[in-house]
Amino acid sequence: MQKHNQKEHLYKLLVIGDLGVGKTSIIKRYVHQNFSPHYRATIGVDFALKVLNWDAETVVRLQLWDIAGQERFGNMTRVYYREAMGAFIVFDVTRPATFEAVTKWKEDLDSKLILPSGKPVPAVLLANKCDQGIDVLMNNGIKMDQFCKENGFVGWFETSAKENININEASRCLVKHIIASE
Ligand code: GDP
Ligand code: MG
């Protein structure tokens with residue numbers, strides 16, 4: 001039941017990163033609680049809505065923007081980024097090139113989108129497919145913490161859309177930073 005003193009927030013969140021890293025799978029898992037191993041690169045922009053009962057007074061509606069097809073160019077248009085409040089940048093722990101692309105995605109984001117406050121939008125880094133047991137990085141939290149600090153990520157998580165690992169946690173981390181920055 002909606003209480004009259006309840007606050008509602010609507011946040012547009014971007015999910016970006018190289019082709020095949022699991023962006024669509026993460027959104028599907030988070031919003032629809034399912035996973036399909038079948039690869040499908042649709043063309044266009046897709047939206048999914050997730051409603052969080054954040055606390056007793058606050059409802060958060062997340063509008064997740066998936067990209068499909070355009071990520072092969074390694075950047076997005078300003079129109080796509082417009083009015084986003086936060087971003088997930090995803091890479092695939094089994095493919096080093098997708099991690100190398102992370103800084104490029106972060107630069108693209110920060111060059112095209114600035115919050116009304118003048119700050120960059122909060123971004124969380126997702127090391128996806130952690131169920132694969134092949135971590136090309138180093139399985140080293142300290143180095144990743146340092147990478148996040150140097151590159152302006154508010155946090156990072158090892159995730160699996162397949163096994164449903166850490167996706168809720170990553171989202172809570174991002175939303176927490178968005179609420180704090182408002
Ligand atoms: P996108 O291009 O970034 O949207 O990537 P997709 O979501 O289409 O995923 C690409 C492929 O990786 C698909 O075959 C998925 O089933 C697979 N995939 C996505 N997430 C995971 C994961 O967490 N673990 C494993 N093992 N496979 C995944
Ligand atoms: Mg996709």
Side-chain angles (χ1 to χ4, degrees), residues 11-50 62-82 84-113 121-141 143-144 147-148 151 153-175:
Y11 298 137
K12 170 179 172 179
L13 302 184
L14 308 169
V15 185
I16 55 182
D18 277 4
L19 194 67
V21 295
K23 300 180 297 296
T24 302
S25 301
I26 287 169
I27 295 171
K28 290 249 157 73
R29 167 61 76 191
Y30 187 50
V31 175
H32 307 292
Q33 287 85 39
N34 62 29
F35 177 81
S36 157
H38 301 295
Y39 183 79
R40 228 174 112 243
T42 43
I43 299 292
V45 177
D46 231 338
F47 310 91
L49 192 72
K50 174 87 175 177
L62 302 177
Q63 193 184 55
L64 293 144
W65 284 48
D66 191 11
I67 53 174
Q70 308 96 308
E71 68 264 58
R72 76 187 80 230
F73 305 113
N75 63 71
M76 298 299 295
T77 65
R78 281 174 203 280
V79 175
Y80 168 77
Y81 285 135
R82 194 161 60 203
M85 294 296 286
F88 296 106
I89 297 184
V90 188
F91 70 97
D92 174 346
V93 292
T94 71
R95 286 191 294 142
T98 67
F99 177 67
E100 282 150 29
V102 161
T103 45
K104 186 199 64 183
W105 282 108
K106 185 68 165 65
E107 278 161 25
D108 191 55
L109 175 70
D110 289 343
S111 70
K112 291 174 182 165
L113 179 64
V121 284
V124 167
L125 182 60
L126 304 184
N128 193 43
K129 308 196 189 181
C130 71
D131 58 276
Q132 293 289 79
I134 320 159
D135 191 340
V136 290
L137 297 174
M138 43 244 149
N139 248 324
N140 187 333
K143 279 189 183 157
M144 281 297 276
F147 178 86
C148 285
N151 291 278
F153 287 96
V154 299
W156 72 281
F157 291 83
E158 285 185 295
T159 59
S160 168
K162 188 177 180 207
E163 306 292 342
N164 194 17
I165 298 169
N166 270 345
I167 295 171
N168 291 299
E169 288 78 0
S171 176
R172 290 197 73 85
C173 171
L174 185 56
V175 170

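Remember, it's 1-based here, ligands and their atoms both numbered in the order they're listed. Because only heavy atoms are used, hydrogens play no part in the values below, and waters and symmetry mates are left out as well, while side chains stay in.
If you look at Asp131 next to ligand 1, the close heavy atoms, those under 4.0 Å, all belong to the side chain. The proximity of Cys130 to ligand 1, defined as any non-hydrogen pair under 4.0 Å, does not occur for either the backbone or the side chain. Of all the heavy atoms of Gln132, the ones lying under 4.0 Å from any atom of ligand 1 belong exclusively to the side chain.
The two residues Tyr81 and Leu14 make their nearest non-hydrogen contact at CD2-CD1, 3.1 Å.
The shortest side-chain heavy-atom distance between Glu158 and Met144 does not fall under the 4.5 Å cut-off. Within the 4.5 Å cutoff, side-chain heavy atoms of Trp105 are placed close to those of Met76. Side-chain atoms of Ile67 and Tyr80, non-hydrogen and from C-beta on, do get closer than 4.5 Å to each other. In this structure, Asn164 and Phe35 have side chains that are not in contact, with every pair of non-hydrogen atoms separated by 4.5 Å or more. Within the 4.5 Å cutoff, the side chain of Leu174 has no heavy atoms near those of the Met85 side chain.
Within the 4.0 Å heavy-atom cutoff, Glu71 counts among the residues contacting ligand 1.
Any N or O atom pair closer than 3.5 Å counts here, and Thr159 shares no such pair with ligand 1. Inclusion of Gly20 in the set of residues having an N or O under 3.5 Å from an N or O of ligand 1 is warranted.
For Thr24, the nearest N, O or S atom to the Mg ion (ligand 2) falls under 2.8 Å.
Less than 4.0 angstrom separates some heavy atom of Ser160 from each of these atoms of ligand 1: 23 (O). Near Ser36, meaning under 4.0 Å from one of its heavy atoms, ligand 1 places the atoms 16 (O).
Using cut-offs of 30° and 60° for the angle between ring planes, the Phe147 and Phe153 rings count as parallel.
Atom 20 (N) of ligand 1 has its nearest heavy-atom neighbour, among Asn128, Val15, Leu19, Thr24, in Asn128.
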